[in-house]
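Counting begins at 1 with the first residue of the sequence. Ligands are counted one by one from 1 in listed order, and the atoms in each one are counted from 1 as well.
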Amino acid sequence: MARILLVEDETSIADTLVFALTREGHHIQHCETGQKALSAALQTHFELAILDVGLPDMSGFELFSRLRQTTSSIPILFLTARDHEVDKVAGLEMGADDYVVKPFSPREVAARVRAVLRRTNEPHPPQTPSSALSSVKTVGPFLLDKAGMRVRFCNQALLLTRIEFLLLRSLLEKPGHILTRQQLLDHVWPNNLELSDRIVDTHIKTLRAKLRSVDAQKDFIQTHRGLGYSFEF
Ligand code: CA
């Protein structure tokens with residue numbers, strides 16, 4: 001059971017989704033515009049947001065960016081129109097967790113929601129003091145907090161998206177090893193067979209920029225052409 005923010009201006013689609021997801025035990029708050037969704041997100045903590053790409057007052061992508069400014073780690077699922085192939089990739093490249101193409105069956109959306117929630121909840125073991133401690137690991141100048149999904153670098157907290165965190169975690173767990181784009185895809189987006197490995201490059205780029213903003217001298221993420229990426233100190 002999760003609190004879900006649904007932003008969709010077509011009433012018939014929204015009603016179907018509210019019905020299907022409520023039946024799964026979720027609590028749905030439905031908004032018809034981006035502005036209403038932004039106010040709702042300030043008042044309530046949501047575990048997931050489902051955003052239509054074509055909203056009346058702003059695009060779903062703009063809403064995504066603005067939501068991420070206030071609740072940086074909220075998982076996001078986009079609803080995209082079938083004739084806009086580019087929207088799927090654009091959404092995922094921005095860091096969305098998944099997308100569903102219209103027209104869809106409510107059952108399909110419910111399954112995607114279950115998968116996203118399962119993935120998001122995975123890295124959180126029970127919070128006893130000892131397990132919280134064992135989930136924190138020092139790797140060179142990095143402090144990796146797996147349970148908290150946070151990384152500190154040179155004593156500064158990095159403001160990472162969930163996808164950047166998962167990529168950095170994969171690399172930090174095997175310093176000096178080359179991970180292929182496919183391995184990174186499998187770590188970050190398991191079971192998604194449709195994604196191109198270019199999406200890995202996009203997020204590595206933003207991750208690199210964030211690391212450089214702390215230490216401009218060193219490039220920790222090395223590119224190995226035709227192979228993948230490694231983390232080097
Ligand atoms: Ca729409």
*asked:* Among residues at least two apart in sequence or on other chains, which ones pass side-chain hydrogen bond (donor to acceptor under 3.5 Å, both in side chains) with R212?
replied: D219

*Got K205 and D201 here, is their nearest side-chain heavy-atom distance under 4.5 Å?*
no

*Take L67 and F46 through the test side-chain contact (heavy atoms from CB on, under 4.5 Å) and record every step on the way to the result.*
CA-CA 11 Å; L67 276 176; F46 294 100; over 6 Å; no

*Answer yes when D52 and K102 have at least one side-chain N-carboxylate O distance shorter than 4.0 Å, and no when they do not.*
yes

*Determine whether L48 and M1 fall in the same hydrophobic cluster, where Ile, Leu, Val, Met, Phe, Trp and Tyr are linked whenever their side-chain heavy atoms lie under 4.5 Å apart.*
no

*Keeping waters out of it, list the protein N, O or S atoms under 3.0 Å from the Ca ion (ligand 1).*
D9 OD1, D52 OD2, G54 O

*For atom NZ of K218, decide whether the heavy atoms of other residues, nucleotides or ligands shown that lie under 6.0 angstrom number more than 12.*
yes

